[in-house]
Amino acid sequence: MPELPEVETIRRSLRDDLVGKVIDHVEVLEFKQFKGDPKQVAGKKITDVIRKGKMLTLVLEDSLFLSIHLMLTGQILFAEDGKNAIFKNIIPHTNSNKMPNTSTRIVVHFKDTSALYFNDQRKFGWMKLSDKIEETKSVDVLSPEFTLEYFKKSISSSKKPIKPLLLEQDKITGIGNIYDNDLLWEAKVHPTRKANSLSNEELEAIYNATVKIIQEGIKYKGSSAKDEMYVLPNSEKGSYQEHFKVYHRNGQPCLRDKATIERIELAGRGTFFCPKCQK
DNA sequence: CTGCGGTCCTGAAGGC
DNA sequence: TGCCTTCAGGACCGCA
């Protein structure tokens with residue numbers, strides 16, 4: 001599912017594709033997934049593409065912000081030739097490599113006939129047009145404000161298990177289920193450990209693992225496992241799934257000590273860990 | 001404040 | 001082969 005590394009990979013790609021382009025019109029195929037008036041963006045130039053946590057925002061001239069949340073199954077594709085948009089690679093979980101297809105919910109058409117496609121099989125994602133950037137106190141994992149001190153202060157007093165706590169986006173934003181599982185393996189901390197039971201050393205290990213694993217995800221351009229919809233805007237796959245530590249590796253040997261990776265359900269989410277090295 | 005369960009949604013996978 | 005049920009889950013909301 002799209003988490004920080006996937007959204008950051010998309011951002012870097014779209015920044016190269018879109019900055020300077022002028023929107024012709026937005027074609028909304030699923031109305032419930034577009035918040036705001038799509039007509040407002042006609043003629044606006046894209047000046048930047050930014051990200052905070054899992055939220056991607058196209059910055060437009062005249063203080064307009066077109067934000068995109070991919071939620072579980074959102075997919076962004078970009079074609080220079082929007083009149084004949086056929087992608088080379090298989091588009092996961094869609095019926096056709098030609099855009100738009102049955103999963104396409106919104107299309108942003110540009111003056112030069114290039115086009116951006118927002119596909120979303122399960123219709124949980126959305127696009128929102130706003131005249132101000134979303135204000136949030138939450139801190140992105142890659143931002144300078146995400147320090148060890150901030151991390152300790154925001155999580156160390158909670159009675160919740162560390163794994164679901166890291167999924168909450170209101171204090172730290174960007175972590176989803178894949179990287180949550182893998183970073184706790186990296187930190188050698190068991191996912192069910194209560195946050196307020198963690199030692200200073202363990203908190204520091206989780207902090208360091210968070211930055212390391214998220215950066216590793218970006219290095220491999222995100223995770224495109226077979227049950228995921230995520231691809232880059234040019235339809236290429238990411239390769240982090242070839243580097244999973246524990247995620248979806250239940251029954252397989254731990255990369256550190258060969259113990260068998262286990263799967264449990266924790267706060268309603270699939271949770272993977274090594275019973276030997278994660279304490 | 002916390003924490004739980006329901007909701008949204010659809011394709012894939014499993015059972016018989 | 002085919003129909004039916006179950007499952008996956010990020011964010012949000014209502015309720016105890």
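The figures that follow rest on heavy atoms only: side chains count, while hydrogens, waters and symmetry mates do not. Letters A, B, ... mirror the listed sequences (proteins, then strands); counts begin at 1.
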Touch class at under 4.0 angstrom, heavy-atom based, for [X] against every strand present:
X: A/Asp227; answer: nothing
X: A/Met71; answer: base
X: A/Gly270; answer: sugar-phosphate

When you check the phosphate oxygens OP1 and OP2 of C/dA11, does a side-chain N or O of A/His69 lie under 4.0 Å from one of them? yes
Closer than 4.0 Å, any side-chain N/O of A/Lys32 to the OP1 or OP2 of B/dC8? no
Measure the distance from [atom1] on [X] to [atom2] on [N] and round it to the nearest whole Å.
X: A/Lys35; N: C/dA11; atom1: NZ; atom2: P; answer: 12 Å
X: A/Arg263; N: C/dG9; atom1: CZ; atom2: C1'; answer: 11 Å
X: A/Phe124; N: C/dC12; atom1: CZ; atom2: P; answer: 13 Å
X: A/Gln121; N: B/dC9; atom1: CD; atom2: P; answer: 13 Å
X: A/Gln33; N: C/dC12; atom1: CD; atom2: P; answer: 15 Å
X: A/Glu30; N: B/dC8; atom1: CD; atom2: P; answer: 14 Å
X: A/Glu3; N: C/dA11; atom1: CD; atom2: C1'; answer: 14 Å
X: A/Asp170; N: C/dG10; atom1: CG; atom2: P; answer: 15 Å

With the side chain of A/Lys159 defined as its heavy atoms from C-beta on, choose the nearest nucleotide among B/dC9, B/dG3, C/dG10. B/dG3
Of all the choices, B/dT10, C/dG10, C/dA11, which nucleotide is nearest to the side chain of A/Lys123 once you look at every atom? B/dT10
Does a donor on one side chain sit under 3.5 Å from an acceptor on the other, for A/Thr271 and A/Lys163?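 The criterion, which ignores hydrogens and geometry beyond distance, is satisfied for A/Lys163 and A/Thr271.
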Between the side chains of A/Ser96 and A/Asn101, is a donor N or O closer than 3.5 angstrom to an acceptor N or O? no
Can you work out whether A/Thr73 or A/Trp126 has the more 5'-proximal nearest nucleotide on DNA chain C? A/Thr73
Pairing of A/Lys44 and A/Asp62 as salt bridge, 4.0 angstrom limit: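 Salt bridge flag = yes for A/Asp62 with A/Lys44.
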At less than 3.5 Å, do the side-chain atoms of A/Arg122 and the base atoms of C/dG9 form a donor-acceptor pair?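 Such a pair is found, so the answer is yes.
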When you measure only distances, ignoring hydrogens and angles, does the side chain of A/Arg269 come within 3.5 Å of the base of C/dA8 through a donor and an acceptor?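 Answer is no: no donor-acceptor pair is held.
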Partner set under ring pair (Phe, Tyr, Trp, His ring centres under 6.0 Å) for A/Phe244, not counting sequence neighbours: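 With neighbours one apart ignored, the set is A/Tyr240, A/Tyr247.
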Any idea which heavy atoms bring A/Asp48 and A/Val19 closest together, and the distance? CA-CG2, 3.9 Å
